[in-house]
Amino acid sequence: MSTRIAFLKGHGTENDFVIVPDPDNALDLPPAAVAALCDRRAGIGGDGLLHVVRSAAHPEARAMAAEAEWFMDYRNGDGSIAEMCGNGVRVFARYLQHAGLVTEGDLAIATRGGLKSVHIDKDGDITVGMGRAALPAGEVTVSVGGRSWPARNVNMGNPHAVAFVDDLAHAGDLHTPPPFSPASAYPDGVNVEFVVDRGPRHVALRVHERGSGETRSCGTGACAVAVAAARRDGADPTATGTPVTYTVDVPGGRLVITERPDGEIEMTGPAVIVAEGEIDGEWLESALR
């Protein structure tokens with residue numbers, strides 16, 4: 001790794017990412033390298049890493065290449081692989097626009113959670129079609145300290161446990177994963193959202209993202225929260241036939257989530273590229289020793 005590797009830094013509602021363009025999938029990015037790059041003191045710093053690869057060049061995305069030129073090979077901040085990241089998709093799309101690879105309008109992006117439809121608005125916001133939520137059966141409980149709450153199990157291509165609480169402070173520091181039960185509900189870990197009401201169809205959350213700890217925002221988490229809130233409020237659009245929209249405040253900003261009667265969910269919010277530069281290959285090599 002004696003060469004220098006291009007990178008960018010971006011965020012969506014302060015969920016921040018190291019972006020590594022690698023169209024031909026030529027870079028070896030083992031978990032330790034990703035963790036070193038995402039380290040906030042000794043690396044660039046980020047909640048995760050967006051590895052930008054042409055779908056045709058990646059074995060996990062080749063089947064989607066006819067529909068989406070680009071694959072978001074997303075990694076958590078600890079280097080582990082994740083199925084999807086809603087804020088990450090918006091930042092990924094912003095990078096493609098920034099690099100002149102796409103323009104305003106519609107495009108498709110391949111992810112491990114399937115194809116995602118994206119619209120880059122003229123006003124700067126980006127809307128992502130997040131697909132449908134799955135609602136696995138069975139009761140789930142999450143705990144912090146001496147408190148426990150029932151949680152709604154929602155899968156947005158990645159797993160979520162949504163707990164409605166009286167005060168967001170009850171979530172604790174969220175540095176470590178909140179315990180949940182039964183263990184069989186989430187064999188690969190879970191993102192946990194703690195939610196309070198702010199007004200009619202307006203909620204706020206804090207989130208522990210598996211592999212990253214507490215983050216300033218979570219796009220799939222905001223979608224999971226909107227779905228859980230709609231069921232709690234008796235506003236399930238698949239039952240009523242009427243779309244439902246929730247405003248979801250996250251620590252880093254605001255997202256707007258709409259669920260349609262066909263179950264499709266759309267998320268709208270900002271995405272920003274803040275810097276670009278080069279990773280020193282010798283530093284990265286030494287960080288892996």
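Computed from a predicted model, the values in this text were never measured in an experiment. Positions are given from 1, in the same order as the sequence printed here.
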Distance-only side-chain donor-acceptor flag, Glu193 / His160, under 3.5 Å: yes
Work out which heavy atom in Ala133 is nearest to a heavy atom in Val154; give both atom names and the distance. CB-CG1, 4.0 Å
Say whether, by atom type as modelled, one donor and one acceptor occur between the side chain of Asp121 and the main chain of Gly124 under 3.5 angstrom. no
Working to the nearest 0.5 Å, report the span between OG1 of Thr111 and CE of Met72. 5.5 Å
Hydrophobic cluster identity match, Val227 and Phe164, side-chain contacts under 4.5 Å: yes
State, yes or no, whether a side-chain contact exists between Glu278 and Ile5 at a heavy-atom distance under 4.5 Å. no
Check the pair Arg4 / Glu282 against salt bridge (charged side-chain N to carboxylate O under 4.0 Å, His left out), numbers first and verdict last. CA-CA 8 Å; Arg4 302 178 79 85; Glu282 291 183 358; over 6 Å; no
Audit row: Asp167, Val196, side-chain contact (heavy atoms from CB on, under 4.5 Å) steps and yes/no: CA-CA 6 Å; Asp167 189 327; Val196 297; 5.5 Å; no
Is there a side-chain contact between Val20 and Leu50 in this structure, where contact means two heavy atoms from C-beta onward sitting under 4.5 Å apart? no
N/O donor-acceptor pair under 3.5 Å between Ser181 side chain and Ala183 backbone: no
Decide yes or no for Thr127 and Ser117: does some side-chain heavy atom of the first lie under 4.5 Å from some side-chain heavy atom of the second? no
For a side-chain contact (heavy atoms from CB on, under 4.5 Å) check, start with the C-alpha distance between Ile257 and Thr245, then their side-chain angles and the critical distance, and finish with the verdict. CA-CA 6 Å; Ile257 313 297; Thr245 297; over 6 Å; no
Is it the case that the side chain of Arg132 and the backbone of Ile265 share a donor-acceptor pair, with hydrogens and angles ignored and the cut-off at 3.5 Å? no
Verify the distance criterion only: is there a donor paired with an acceptor across the side chains of Asp233 and Tyr246 at less than 3.5 Å? yes
Under a 4.5 Å cut-off applied to non-hydrogen side-chain atoms, are Val195 and Val165 in contact? no
Does the side-chain contact (heavy atoms from CB on, under 4.5 Å) test come out yes or no for Glu214 and His208, once each step is laid out? CA-CA 4 Å; Glu214 182 170 15; His208 173 92; 5.6 Å; no
Drop me the distance from Arg254's CZ to Thr13's OG1, to the nearest 0.5 angstrom. 12.0 Å
Take Val144 and His170, measure what side-chain contact (heavy atoms from CB on, under 4.5 Å) needs, and give me the verdict at the end. CA-CA 7 Å; Val144 174; His170 292 168; over 6 Å; no
Using modelled atom types only, decide if a donor and an acceptor are shared between the side chain of Arg112 and the backbone of Asp73 within a distance under 3.5 Å. no
Before accepting this row, confirm whether a basic side-chain N of the pair Asp262/Arg260 lies closer than 4.0 Å to the acidic partner's carboxylate O. yes
Closest non-hydrogen contact found for Ser55 with Ala68 is OG-O, 2.8 Å
Compute the centroid of each ring, for Phe92 and then for Trp70, and state whether the two points are separated by less than 6.0 Å. no
Hey, what's the ring geometry for His51 with His58, parallel, tilted or perpendicular (30° and 60° as the breaks)? perpendicular
Taking side chain to side chain donor-acceptor pair (under 3.5 Å) as the test, write out the residues that go with Asn76, two or more places apart. Ser80
Leu37 CG to Leu29 CG distance, which is reported to the nearest 0.5 Å: 7.0 Å
What distance do Leu49 atom CG and Tyr74 atom OH have between them, rounded to the nearest 0.5 Å? 8.5 Å
Taking Thr238's backbone N and O only, do any of them form a donor-acceptor pair with Asp236's side chain (distance below 3.5 Å, no angle check)? yes
Polar side-chain atom of Asp22 near backbone of Leu27 as donor-acceptor pair, under 3.5 Å: yes
Do the side chains of Leu8 and His98 get nearer than 4.5 Å, heavy atoms only? yes
Does some side-chain heavy atom of Val207 sit less than 4.5 Å from a side-chain heavy atom of Leu174? no
Sub-3.5 Å donor-acceptor pair from the side chain of Arg94 to the main-chain atoms of Ala271, do we have one? yes
Just by distance, do the side chain of Arg62 and the backbone of Ala56 share a donor-acceptor pair under 3.5 Å? yes
Here the pair of heavy atoms bringing Thr258 nearest to Pro243 is CG2-CB, 4.5 Å
Quick check on Asp173: does its CG atom have over 12 non-hydrogen neighbours (other residues, nucleotides or ligands) under 6.0 Å away? yes
Crowding at CD, Glu60 (>12 non-hydrogen neighbours, <6.0 Å): yes
Test your reading of the model: is there a side-chain donor-acceptor pair from Lys9 to the backbone of Gly45, 3.5 Å cut-off? yes
Can you check whether Tyr186 reaches Phe180 side chain to side chain, under 4.5 Å on heavy atoms? yes
For side-chain hydrogen bond (donor to acceptor under 3.5 Å, both in side chains), just list the numbers for His119 and Glu266, CA-CA rounded to whole Å, side-chain angles, deciding distance to a tenth of an Å, and then say yes or no. CA-CA 10 Å; His119 181 79; Glu266 294 182 339; over 6 Å; no
Decide, yes or no, whether a salt bridge links Arg40 with Asp16 under the criterion of side-chain N to carboxylate O below 4.0 Å. yes
Partner residues of Glu83 under the side chain to side chain donor-acceptor pair (under 3.5 Å) criterion, sequence neighbours left out: Arg210
Do Asp47 and His11 pair up side chain to side chain, a donor and an acceptor below 3.5 Å, judged on atom types alone? no
Determine yes or no for a side-chain-to-main-chain donor-acceptor pair under 3.5 angstrom, with Asn155 supplying the side chain and Gly157 the backbone. yes
Can a donor-acceptor pair be found between the side chains of Thr268 and Asp125 at a distance below 3.5 Å? no
One should read off an interatomic distance between His202 NE2 and Asp197 CG, to the nearest 0.5 angstrom, of 10.0 Å
About how many Å separate CG of Leu107 and CD1 of Ile120, when rounded to the nearest 0.5 Å? 5.5 Å
Using only heavy-atom distances, determine whether the side chains of Glu209 and Thr215 contain a donor-acceptor pair under 3.5 Å. yes
